[in-house]
Amino acid sequence: MAPLLNISISNNLHFFPVFILILILILFPFPSAATTSEAEALLKWKNSLHNPTTHSLLSSWNLVPSYNSTSPSTNSSHSSCCQWIGIVCNEFGSVTEINLTSSNLKGTLQYFNFSFFPNLLSFNLSINSLYGSIPSQISNLSRVTHLDLGWNQLSGNIPFEIGMLVSLQVFSVHNNNLSGAIPVSIGNLSRLTFLALEENKIFGTIPEEVGQLGSLRVLYLYGNHLSGSIPSSTRNLSKLSDLELNFNSITGSIPKEVGQLSSLKVFYLFANHLSGSIPSSTGNLSKLYDLDLSTNNITGSIPKEVGQLISLNRLCLDINHLSGSIPSSIGNLTNLEDFAINENSLTGYLPENICLGGKLYRFTAFNNHFTGSIPKSLRNCSTLFRVRLQGNQLTGNISEEFGIYSNLVYMDLSNNKLVGKLSRNWGQCPKLTMLNISNNKISGRLPIELGKATQLQVLDLSSNLLVGKVPEELGNLKLLFKLKLNNNRLSGKVPMELEMLSQLEELDLSANKLSGPIPTHLEQCSKLSHLSLRSNKFSGTVPFQIGSLQHSLHDLDLSQNFLTGQLPLELGYLQLLETFNISHNNFSGSIPSTFKEMLSLTSVDVSYNQLEGPLPHIKAFVEARIEALENNKGLCGNNYNLKPCPISKKDSDGIVIISVTVSILVTVLLFFFIVGVLQTSQKRERKNIEEPRVTQNETVFVEWGHDGKKVHQEIVEATGNFDSKYCIGVGGYGSVYKTLLSTGQVVAVKKIHENGGVANEEAFESETSILTKIRHRNIIKLYGFCLHTRHSFLVYEFMERGSLEKILTDDGKAMELEWAKRVNVVKGLANAISYMHHECCPCVVHGDISCKNILLDGEYQAHLSDFGSARTVDPDSSNWISFAGTFGYAAPELAYTMKVNEKCDVYSFGVVTLEVIMGSHPGDLIWSLPILSSSSSATIHHQIPFRKVLDQRLSPPRNQIANQVVSIGHIAFACLKANPQSRPTMKQVSDKLAASSPSLSVPLDRITIQQLFDMPTWTS
């Protein structure tokens, strides 16, 4: 037995190296074989993608044998895999990293064989167009530490098997269309440091198992449909520095256990349904610098422990149900820059030391119940940018409580109980655009220094106790578009310098003691829309010059004065006027016949005057209540409250004379008509030519080939001789009617206002000359036009959805205009303007681009309209043209040049673009742009999240649409640069919009207005 044993042992020793070699081959296969399998798996997936050959990044993905004498491991096809773009291998030639972020990939993961990549450590396919579900086989990536599938179009649930990736440190699937609940298996990922599930459609509750992620530093769950309460197990996340659960439907209270998150720096819970109170344990978060609990149902008081958060930079508790007073400990927050507590039920005093650290730039506490005076620490708070304290019960003397603020843009102290006099310091705030101290008890005179605040756009000092004259220095405020001084005790005459306010849209001087005649120079304020001089001591007649405001004035109130005389005929030229009040004066005579053309009128009051004669036959007068007509000398007409107008003998004689005259004329005309027909018939037989389109009364040009006269007659009949009941809108120089032609075609007819003067003629000529020469799918199509002594009109294609302005102001219609459609609207508008500027020769400048002049068809395609202000110019010269645009959309340089070129269209496009994505006019945001572009931006951080200014009526944009919206926002800010030469051309804008949108380096919620503004532009 012994020899046999020796032989066996010897043989085993002999074969032991072979055994070891076989074991090595099993555990560590030849790199070439492994890599070939990986390469083939990658190629199979590549071929499953849509048009894989068009992806430039995948062009290197081909199996090409490679030989290298110095390394046996490369003597096969595996080298082509390791050298492919986006692929990284280890020293054994096995794939360890796949990074194809922003590669324009479109396809699914269903054909990706995860089992062939046992050594994969990092898998990044973010910012592509992958769709479909996440396969459960992804669990085969047993060694993966970094998994990023964010910014795609993936749907379905997060697979339960994700919990098998126990080495995972980063898991990001944000900005997709994932639904279902967060799998509880996620609690197995004990090494996870970064979890990003935001901007999906995930529902259900946050699982308790999240509390097992002890290594977690960042948790993004915002922008989903999560409900239920915040699990108390989150107290175990001791390393968590960023917790963002905002924009969900989370209920319950904030757990007191959050105070154990000692590493927390960013804590976002805003836009949920949280209730209960703010736990005092929040004061333990000593590293916290950004806390936002706004837009919830939180009750109770602000705990004094919040004052322990000495690192806090931003504190937003607005739009809740907080009560009680603000703890004095808030004064300890010396690093505070943004403090928002507005729209609560807070009482007591505002914190005295709110700006003790000298860094505060935004302070909003409006719509609460605060009492006491303005904090004295605000006086020397030079960093202030925006202050809103309106809607409280603040008292105290404001004469010396405000200093000089070099960065202040917005100040609203309205609807309080403040006393004292206006400080001269307001005139020393160089960037102030909005000052509202209305509805207080401010006394004294208006300081003439206000005229030095040349950036002011809104000045509202109404409903106070101001006395003295209106300073002529207010005429220096060239950008002012709203001036409200009503309900004070001002006296004297209105200074003629107000005529210099060329941008003024609203002027309210009512309920004062102003006297003298109504100033004629107001005609220079050509954009004036609302004018109220009610309840003063104005005397004399109404100046006929007010009729010059025919393209702007909507509301006119001259009631309760001492005005006399007859109403001027020119008032009838106010084609846009909607409300007209001249009651309680001493006007005499009849209402001018020109009033019958005021089709926009909806409300009139002519009571308590000495008026007589017939009422104008328009809806506003016919349907007026008796209270609006009573106490006059003898009004009559088609109103059931009045008697019909009698026919006098003189009128009867006149009618007989007119009848006889008409009979004679008809007979004569009939004779000449018969003679003319006979002559024409003979001429046609001899010369065989058509009847000319030009007659004594009309010149008709119709593009679609119909008979011009026939179409003219058909349109007049279809609109009831342009009866107001067929009118669907009123523009600057014409009323628009919807008309059905006999061909079954629906068209829009713009009838030019009669008595419009030279301006209307120029607008008509401009529109017809330009629209007959240009053609673009995003420019309104002109079918034809008619120039007639009575009815001049233009015929356009009909836009089913109307103007962009009306859609955005209607909540229902605005919600139908979802993000993808809004992106297309912006692109279409950009293409239209680019065509006008760069493809037309000479180039066409529109001059009045605004939301009211952008029409949408049934498919929500944008069509630029209203070319009445458009002109052709030479782009290579400086022959600028006169401005006739809309304030709020006009470029700032027009305040001093009053000239317009292509760059003004670019600016207007920027305003419209912001309005499209914000849902309303971006007034405040535009006013803040000078702050952003100043050298002080290093200290004044405009850190409003971009997402917060997007239209809140829509769900936030996601995936590639979110990319496009951010890109559009950046483009809009580039178009709004103060220096016209710094703005891009519309060709650059159009090309930029047509290109792929840049990927977002940070989540949408973290992109701020400042970042968008500071992005580098692409101007040449």
Side-chain angles (χ1 to χ4, degrees), residues 422 426-427 435 445-462 466-565 567-568 570-571 573-574 582 585 759 882-884 887 894-898:
L422 290 175
W426 295 118
L435 178 62
R445 296 175 177 269
L446 288 169
I448 61 175
E449 287 77 9
L450 279 175
K452 297 180 180 179
T454 55
Q455 295 301 309
L456 266 179
Q457 299 180 25
V458 174
L459 178 60
D460 189 349
L461 304 175
S462 59
L466 296 170
V467 297
K469 297 181 179 181
V470 178
E472 60 185 37
E473 286 77 7
L474 294 185
N476 297 327
L477 305 179
K478 299 297 193 301
L479 301 180
L480 202 66
F481 73 85
K482 179 184 290 188
L483 176 59
K484 299 190 67 176
L485 302 176
N486 51 291
N487 292 293
N488 280 288
R489 300 173 182 176
L490 299 172
S491 58
K493 296 181 179 180
V494 178
M496 62 178 300
E497 285 75 11
L498 291 189
E499 70 179 8
M500 299 165 64
L501 303 180
S502 59
Q503 305 298 326
L504 199 62
E505 292 185 4
E506 180 176 353
L507 175 61
D508 193 343
L509 301 177
S510 62
N512 278 289
K513 298 179 180 180
L514 297 169
S515 59
I518 294 176
T520 60
H521 48 265
L522 289 178
E523 68 173 328
Q524 301 299 322
C525 304
S526 59
K527 296 181 180 179
L528 198 59
S529 177
H530 306 278
L531 173 60
S532 180
L533 305 177
R534 174 184 54 84
S535 298
N536 277 286
K537 297 180 179 181
F538 290 112
S539 58
T541 60
V542 177
F544 70 88
Q545 288 88 346
I546 289 183
S548 300
L549 302 175
Q550 56 189 14
H551 299 307
S552 62
L553 201 60
H554 286 75
D555 303 290
L556 177 61
D557 191 345
L558 305 177
S559 62
Q560 300 183 50
N561 279 287
F562 300 102
L563 299 170
T564 59
L567 297 175
E570 288 78 5
L571 287 184
Y573 299 161
L574 300 175
I582 57 169
N585 280 287
S882 298
F883 169 66
F887 184 72
L894 295 174
Y896 50 86
T897 65
M898 293 306 295

L485 vs L490, side chain to side chain contact (heavy atoms under 4.5 Å, CB included): CA-CA, chis, key distance, verdict: CA-CA 8 Å; L485 302 176; L490 299 172; 3.9 Å; yes
Could you give the distance from [atom1] ([X]) to [atom2] ([Y]), rounded to the nearest 0.5 Å?
X	Y	atom1	atom2	answer
L571	L558	CG	CG	8.0 Å
L504	S526	CG	OG	10.0 Å
L456	W426	CG	CH2	10.5 Å
S552	H530	OG	NE2	10.0 Å
S462	L483	OG	CG	10.0 Å
L446	L474	CG	CG	6.5 Å

Check: T564 and N585 side chains under 4.5 Å, non-hydrogen atoms: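 No, side chains not in contact.
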Close side-chain approach of I518 and L563, heavy atoms under 4.5 Å: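 Side chain of I518 against side chain of L563, heavy atoms only: contact under 4.5 Å found.
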Side chain to side chain contact (heavy atoms under 4.5 Å, CB included) assessment of L522 paired with L531: CA-CA 10 Å; L522 289 178; L531 173 60; 4.1 Å; yes
Non-neighbouring partners of D508 that pass salt bridge (Lys or Arg N to Asp or Glu O under 4.0 Å), sequence neighbours left out: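 Partners of D508 by the salt bridge (Lys or Arg N to Asp or Glu O under 4.0 Å) criterion come out as none, since no residue qualifies.
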Which residues share a salt bridge (Lys or Arg N to Asp or Glu O under 4.0 Å) with E449, sequence neighbours left out: R424
Backbone of S559 reached by a side-chain donor or acceptor of D557 within 3.5 Å: yes
V494/L507 under side chain to side chain contact (heavy atoms under 4.5 Å, CB included): CA gap, chis, key distance, verdict: CA-CA 11 Å; V494 178; L507 175 61; 5.7 Å; no
Side chain to side chain contact (heavy atoms under 4.5 Å, CB included) assessment of E505 paired with K482: CA-CA 6 Å; E505 292 185 4; K482 179 184 290 188; over 6 Å; no
Set of side-chain hydrogen bond (donor to acceptor under 3.5 Å, both in side chains) partners for [X], sequence neighbours left out:
X	answer
N487	none
S535	Q560
E523	S548
S529	H554

All side-chain contact (heavy atoms from CB on, under 4.5 Å) counterparts of R445, not counting sequence neighbours: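 In terms of side-chain contact (heavy atoms from CB on, under 4.5 Å), with neighbours along the sequence ignored, R445 is linked to V467.
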Those residues that, when tested against Q524, pass side-chain contact (heavy atoms from CB on, under 4.5 Å) (two or more places apart): E499
Flag for Q503-K527: side-chain donor and acceptor within less than 3.5 Å: yes
Inter- and intrachain pairs under side chain to side chain donor-acceptor pair (under 3.5 Å), touching residues 466-476, at least two apart: none
Between [X] and [Y], which heavy-atom pair has the shortest distance, and what is it?
X	Y	result
P471	P495	O-CG, 4.1 Å
K484	D460	CB-OD1, 3.4 Å
L556	L574	CD2-CD1, 4.4 Å

Side-chain donor/acceptor pairs under 3.5 Å, residues 536-547, sequence neighbours excluded:
unit_1 : atom_1 : unit_2 : atom_2 : d
N536   : OD1    : N512   : N      : 3.3
N536   : OD1    : K513   : N      : 3.3
N536   : OD1    : L514   : N      : 3.0
N536   : ND2    : L509   : O      : 3.0
N536   : ND2    : L533   : O      : 3.1
N536   : ND2    : R534   : O      : 3.1

